Each structure stands twice: as structure tokens, then as C-alpha cells.
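Indexing begins at 1, ligand by ligand and atom by atom, following the structure's order. Keep in mind it's a predicted model, so treat the numbers as computed, not measured.
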Amino acid sequence: MNIIVTGFVPFLDNELNPTSEVLELLPKSIKGNEIITVLLPVEYDQCFQVLKPYIDKYKPGIIINLGLAPKRKNISLERVALNISNSEYSDNKGIIKIDESIIENGENAYFSKLPLRKILNILVKKGIPVEISNTAGLYICNNLMYHVLHYIESNKLETKAGFVHVPFMDKQVKDKLENSLPLVTILEGIIDVIKGTL
Ligand code: PCA
């Protein structure tokens, strides 16, 4: 089986994005399944457009999309994507969206297709800070999660897909431990997300 894992480039005043570093460090395969990594732009209109050809080419059994959630303390397993974009912050192209549907007349929401409770228990057992989150925000990450799940539903694919937000990595913050994790811990958590989904 092929597994696609995506990350994002830096955005706003974050000079680094831990998700792009995770992509660099992931193994080439896990339990015989090939890992394909894709780095995505932080742009409303491009993030899914860049990913789509990889889905069509590799026909992945699993898609894990990763994003940075500044100030969150835990690895956040996102439960739901909403059909709306709304943020005072612009994307990397300077676009701001307020109260805008992602897909006109699309479903209001989609739930993650990852086994969230099972993954949560695996990470808890290892002592990795983790939570199930009921909002992925209404910025680029929610946009990507919604697009991916909409594509899977519309094309009746069996793909298990979902979104995981990660906190800052330690080297991004001055006052460590408050709201950051070591990069190795984030990496280990994401590998466990993949193993738990297999
Ligand atoms: N986090 C942002 C966009 C890119 C990223 O890594 C978000 O949560 O929407």
C-alpha cells in the first residue's frame, strides 16, 4: 500500500514549520508500505491542487495531512473538517477569506477517516502528549482536510484520510516546554499515527 504524508511550508510569522521537518525525517517505508511525502503551499487555492495529482498517481490507502497549530500543547488528532474558511490572517499569497464556503453546496462537514481513539490510546501509552481536537480552525489546514475528504467521498475511494496538527518544536520557542515538543517526539507520534491506521 502507498501512504501519502503531507506537510506545509512556513506561514505568517513562523520561520519554520515542524511538519516539513517531519517529512524529511520519515522513513521511506513502514511495515512494507511506501511513504510518499508532499510539501504543500500555505495557499487556499493551491494546497489541495498540489496534492491531487499525487492521490491520482499513487492511489494511497492512507493520507495523513500535517499542519502546525501554534500554541497547542498536544499532537491534535482532528475530528472534523467544516465547509468554511474564515480567518483574519492571510495565506502566503495575501488572500483573506471571511465566511466563505470551501465547496459551494458541498456537505457542511466531514469526519476524519482515521481511527482516532485507537491512535490516541497508542500515543497516551507512550506518554506522547495527544488529544482529539474538535476544530482544525478555519484557515488553510481545515481547507485542506475538507478538500481531501470531499475528494475521497466524491470519488468513492476507500482511503483512510485525516488531519493531524502538531505543536511548535522546541527550537521554535524561547521558553521551552510551555507549548512545544522535541522534534523527535513529534516524529515518533506521527509514525505511531501511521502504524495505528495500518
Ligand atoms: N498550519 C496552518 C496552515 C499551515 C500550517 O502548518 C493551519 O493550521 O491552518
Side-chain angles (χ1 to χ4, degrees), residues 4-26 36-52 54-55 63-103 106 109-112 114 116 129-151 161-173 178-183 185-187 189-191 193-194:
I4 292 183
V5 184
T6 73
F8 279 111
V9 300
F11 62 103
L12 299 171
D13 56 359
N14 307 299
E15 281 167 18
L16 300 169
N17 193 322
T19 64
S20 72
E21 308 213 5
V22 167
L23 296 191
E24 304 269 314
L25 296 172
L26 277 172
I36 296 112
T37 59
V38 189
L39 186 62
L40 300 175
V42 180
E43 294 170 29
Y44 284 107
D45 297 334
Q46 278 305 306
C47 56
F48 181 67
Q49 291 312 315
V50 171
L51 173 58
K52 192 159 68 164
Y54 288 88
I55 301 177
I63 302 174
I64 312 278
N65 300 116
L66 304 176
L68 164 66
K71 301 201 173 74
R72 279 203 199 166
K73 287 184 181 163
N74 301 321
I75 292 182
S76 302
L77 313 172
E78 298 298 346
R79 195 193 297 272
V80 60
L82 302 180
N83 186 15
I84 193 144
S85 292
N86 185 71
S87 175
E88 61 184 295
Y89 298 113
S90 60
D91 71 5
N92 283 0
K93 274 276 158 67
I95 305 291
I96 290 180
K97 299 217 178 208
I98 302 293
D99 299 340
E100 250 185 65
S101 297
I102 295 170
I103 298 206
Y110 289 110
F111 286 130
S112 173
L114 305 181
L116 301 185
V130 62
E131 67 185 352
I132 293 176
S133 154
N134 296 318
T135 173
L138 295 176
Y139 185 53
I140 307 296
C141 291
N142 172 73
N143 183 291
L144 178 67
M145 183 180 178
Y146 185 89
H147 269 295
V148 170
L149 293 168
H150 175 79
Y151 192 73
F163 200 99
V164 179
H165 265 118
V166 307
F168 282 131
M169 51 190 163
D170 283 348
K171 68 178 173 188
Q172 284 182 278
V173 295
E178 253 311 295
N179 56 6
S180 67
L181 289 175
L183 179 57
T185 306
I186 296 175
L187 176 67
I190 299 309
I191 291 174
V193 168
I194 296 169

*Supply the atom-to-atom distance Ile64 CD1 to Ile4 CD1, rounded to the nearest 0.5 angstrom.*
11.0 Å

*Step by step, work out the ring-ring contact (aromatic ring centres under 6.0 Å, His included) result for Phe11 and Tyr89.*
CA-CA 10 Å; Phe11 62 103; Tyr89 298 113; 9.1 Å; no

*Sub-4.0 Å heavy-atom environment of ligand 1, residues by chain*: Phe8, Phe11, Asn17, Val42, Gly67, Leu68, Tyr139, Ile140, Cys141, His165

_Test: salt bridge (charged side-chain N to carboxylate O under 4.0 Å, His left out). Region: residues 81-97. Which pairs qualify, not counting sequence neighbours?_
Glu43-Lys93, Asp45-Lys97, Lys97-Glu100

*Nearest heavy-atom neighbours spanning Ile98 and Ser87*: CD1-O, 3.7 Å

*Passes side-chain hydrogen bond (donor to acceptor under 3.5 Å, both in side chains), Asn83 versus Ser101? Steps please.*
CA-CA 5 Å; Asn83 186 15; Ser101 297; 4.6 Å; no

_Side-chain (Asn92) to main-chain (Pro10) donor-acceptor, under 3.5 angstrom_ = yes

